[in-house]
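One structure is given below, encoded as structure tokens.
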Amino acid sequence: MKQALLLVDIQNDFLPGGALAVGDGDAVVPVANALMPLFDHVVASQDWHPPHHLSFAAEHAGHAPFEVTQLDGHDQILWPVHCVQGTPGAGFASALDVAGIDYVVRKGTDPRIDSYSAFYDNHHRQATGLTAHLREARIDHVVVLGLAADVCVKFTVLDALAEGFGVTLVRDGVRGVDMQPGDTAAALEAMQAAGAMIVDSASLSAAG
Ligand code: VGL
Ligand code: ZN
């Protein structure tokens with residue numbers, strides 16, 4: 001079994017003070033930094049939107065962030081402008097040990113389609129290349145942490161399982177948006193029900 005560590009969207013805009021801040025989101029950074037040295041292969045995803053991405057509420061007259069609208073016949077949550085390509089908000093958290101990252105996968109680059117998962121866009125039309133990369137590296141198990149637990153982490157984990165990878169979710173390495181109270185708890189349950197193992201980071205360090 002060859003494992004990779006997969007860091008989901010640990011970007012400034014998802015940290016306190018960012019455009020789409022996740023409560024306590026900066027708490028995942030030390031967990032990521034502590035785990036990176038334990039893995040031969042570390043992958044990080046970046047939400048990487050063009051400036052007028054249609055997931056932004058600002059592109060929809062009369063709509064505010066966190067409302068839901070229809071986009072190409074699908075429900076779309078409208079978000080504050082976030083993770084615009086090349087801006088500081090799209091950069092990795094400044095405290096993240098980026099020297100430990102071996103491969104970066106960017107998603108959400110199509111202006112019309114959102115992409116919560118690091119594997120596919122939300123309509124499963126376009127692969128990001130992450131599956132091909134992991135298979136090329138002979139990786140069959142991913143250990144996942146990052147932001148946000150109930151959005152991009154959840155869809156990344158579900159896609160990883162569907163692609164045939166084993167998945168371990170690091171419970172203390174994730175924080176959620178909780179647009180509705182309980183969303184994060186429900187996401188953890190959904191990931192576990194789909195086959196993810198849920199552990200604390202301490203147990204990974206102890207196991208070496
Ligand atoms: C995310 C909402 C919009 C995330 C990305 O990384 O969880 N959430 N774009
Ligand atoms: Zn986004």
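Everything numeric in this text was worked out from a predicted model, so none of it was measured. For ligands, and for the atoms within them, numbers begin at 1 and follow the listed sequence.
Classification of D47 and K107 as a salt-bridged pair holds, one side-chain N sitting under 4.0 Å from a carboxylate O.
Looking only at N/O/S atoms, D47 comes nearest to the Zn ion (ligand 2) through OD2. If you look at H82 and ask which of its N, O or S atoms sits nearest the Zn ion (ligand 2), the answer is NE2.
Distance alone, capped at 3.5 Å, places no donor-acceptor pair between the D183 side chain and the D150 backbone. The main-chain N or O of I113 is found under 3.5 Å from a side-chain atom of H53 such that the two form a donor-acceptor pair.
Ordered by chain and residue number, the residues placing a heavy atom less than 4.0 Å from ligand 1 are D9, F14, L20, D47, W79, H82, L147, A148, V151, C152.
Residues passing the side-chain hydrogen bond (donor to acceptor under 3.5 Å, both in side chains) test with D172, sequence neighbours excluded: S201.
At a cut-off of 3.5 Å, with distance as the only test, a side-chain donor of D159 or S117 sits close to an acceptor on the other residue.
Two rings, from F165 and H141, have their centers 6.0 Å or more apart.
The Zn ion (ligand 2) has no N, O or S atom of C152 inside 2.8 Å of it. Taking backbone and side-chain atoms together, D114 has no N/O/S atom less than 2.8 Å away from the Zn ion (ligand 2).
A heavy-atom distance below 4.5 Å is not found between the side chains of V43 and I101.
To the nearest 0.5 Å, atom CG of residue D13 and atom CG of residue L147 are 11.5 Å apart.
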